[in-house]
Amino acid sequence: MGYTRRNFLKICGGVTAGALLSPLGDLLGPTKAFAKGLKTKWGTESTTICPYCGVGCGIIVTAYRGRVTNTEGDPDHPINEGSLCSKGNALFQVANNPRRLRTIRYRAPGSNQWEEKSWEWAMKRIAQNIKKTRDASFKQKDGNKVVNRTEGMAILGGAALDSEECYLLSKFARSLGVVYLEHQARI
Amino acid sequence: METSNSKKELSLLYGKKELSDSYISFQIDLFDITTKFRNSKDFVFIKPLRKDLIQNNFKSGIPLVAFAPITVSLDILKKCFSEILSVFISHNTCSKDTVARFKKEIDKGFIQDITSAISSYNLDAIQTLSKSTPLDAPSLHLATSEMAKPMFQTIAIGAKKSASFENWAEGFCPICGDLPGFARLSKEDEGKRYLWCKKCNLEWGFRRIHCPYCGNTDHNKLKFLTTNHREELRIDVCNDCNGYTKTIDERKIEGEETINFIRENVASLFLDIIADEKGYKIKSPDFLQTKITFQ
């Protein structure tokens, strides 16, 4: 039978390191004792695409127990071959940065003070403002043409949104009648 | 890969708490034999092949020994095997008297059989052949693998002159078809992974999120294990096939020092012990039809 890569890959067998090292017997004593005293931890590497612009650079994300510990350019990605721009290089900070805001901050009109607010308060406030703006600016007809749109607000998708989030945002915006709908990244 | 400094590099491991001095001297003795026999006159003859034939086979993922007619000297292999047995005897890794007697009785037929078995990864044949020797199967496997090193390294040195491995994209060695013994994440190539064959002392590029043994690319099944000793070392494992590769991340090493795979493979023995305890295996092809003949 002809020898091909496919059947070669299928027939890989395995031997435990213990079996292969068994002839070395006593020579391994100190190494076995040393290995026993070591602390170990598991990590994972997964690939993703940089969310910041339309180039679409490949990134490898390293995590320990689900916590991101490193991001780096993917050397096997055909677009960037491991390199990244300064913004892509700082992607790690999307997951880890003590200076990122973790609570809702609100500055009332005319105020120079930031107030801390709850998510519940913020969602309600945004909904109220959207409804108020939409009600005030909603147009059913443009001349004789039915348009059912609002020109009083715009929606801009963030660069870090993934495809599914962009889809939902787009559906949401169109259901309100928003026509000024844009997105920063075009991947 | 440059090996001229490897003996000196191995000597630097003496006194390390994670290795016994006797293990290091055992490895140095074996390394000396590889160096002595590698490139011996009239050891290996490779029939000249057209460059396009080599490149087409490499493109199809076929290693050199599977398509290049290679002739190997049994006399030199026999001398090499005999010296390896002497190292085994001097380091007390086998029964002295019986192996010393066996050493005197080895004939060329036996050498041909074990070389064919190790080149074609026929572990069953090694198991069977071990019954006619005072060595158990793992010891014969180890001795035969060491005997094959100078042969494959001579083939690799010859092949490098006429072939390019740049487009080789497989998880096994382009020369002997063996699976990698070690890997490095390179400093100069933005973390690109290079696999290393311990038999041929040859490295080639391979994708990062990809198991070199079973081809698995599911990152949920590919993990790595680090320890609190030498943070640049890790074990890459595949939970699909249970194989593992020891890896060194050059980017975590200060300075411009080039990685010496021979030294690192010996120095990282503790990772093999840990991988074994966790149930991971050293992978080996089961069978490979070669075009090696003997004279």
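Per chain, numbering begins at 1; letters A, B, ... match sequence-line order. Side-chain atoms are counted along with the backbone in the values below, which use heavy atoms only and exclude waters and symmetry mates. Predicted model only: the values in this text are computed from it and were never measured.
- Ranked by non-hydrogen atom pairs under 4.5 Å with chain B, the options A:Ser46, A:Ser83, A:Gly43, A:Gly37 are led by A:Gly43.
- For the options B:Arg208, B:Glu277, B:His229, heavy-atom pairs under 4.5 Å to chain A are most numerous at B:Arg208.
- Looking at B:Lys16, neither its backbone nor its side chain comes within 4.5 Å of chain A, counting heavy atoms on both sides.
- Enclosure of atom CD in A:Glu120 is not indicated, since only 12 or fewer non-hydrogen atoms of other residues, nucleotides or ligands lie within 6.0 angstrom.
- Summarising the geometry, atom NZ belonging to A:Lys32 is positioned 9.5 Å from atom CG belonging to B:Leu269; distances are rounded to the nearest 0.5 Å.
- Side-chain contact between B:Ile273 and A:Phe34: absent, with no pair of heavy atoms (C-beta onward) separated by less than 4.5 Å.
- Taking NE2 of B:His91 as the reference point, atom CG of A:Leu27 lies at 8.0 Å (rounded to 0.5 Å).
- Rounding to the nearest 0.5 angstrom, the gap separating the CG atom in A:Asp74 from the CD1 atom in B:Ile209 is 7.0 Å.
- The line from OG1 of A:Thr47 to NE2 of B:His210 is 12.5 Å long, rounded to the nearest 0.5 Å.
- Contact of A:Leu84 with chain B is not made at all, since no heavy-atom distance falls under 4.5 Å.
- In this structure a side-chain-to-backbone donor-acceptor pair under 3.5 Å is missing from B:Asp189 to A:Pro75.
- For the side chain to side chain contact (heavy atoms under 4.5 Å, CB included) criterion with A:Asp76, the lone passing option out of B:Glu190, B:Lys192, B:Arg193 is B:Lys192.
- Under a cut-off of 6.0 angstrom, the local environment of NZ in A:Lys117 is crowded, with over 12 non-hydrogen atoms contributed by other residues, nucleotides or ligands.
- Residue B:Phe224 touches chain A through both its backbone and its side chain, counting heavy-atom pairs closer than 4.5 Å.
- For chain B, the nearby parts of A:Glu45 are the backbone and the side chain; heavy atoms of each come within less than 4.5 Å.
- Counting heavy atoms of neighbouring residues, nucleotides and ligands inside a 6.0 Å radius, atom OH of A:Tyr167 does not exceed 12 of them.
- Looking only at heavy-atom pairs under 4.5 Å with chain A, the residue among B:Thr227, B:Asp21, B:Leu225 that has the most is B:Leu225.
- Looking only at distances, no side-chain donor or acceptor of B:Ser20 sits under 3.5 Å from a matching main-chain atom of A:Pro30.
- Under the side chain to side chain contact (heavy atoms under 4.5 Å, CB included) test applied with A:Thr31, the options B:Leu271, B:Asp272, B:Leu19 reduce to a single match, B:Leu19.
- For B:Arg251, the CZ atom sits in a packed shell: over 12 heavy atoms of surrounding residues, nucleotides or ligands are nearer than 6.0 Å.
- Considering only heavy atoms from C-beta on, A:Leu38 stays 4.5 Å or farther from B:Glu18 through its side chain.
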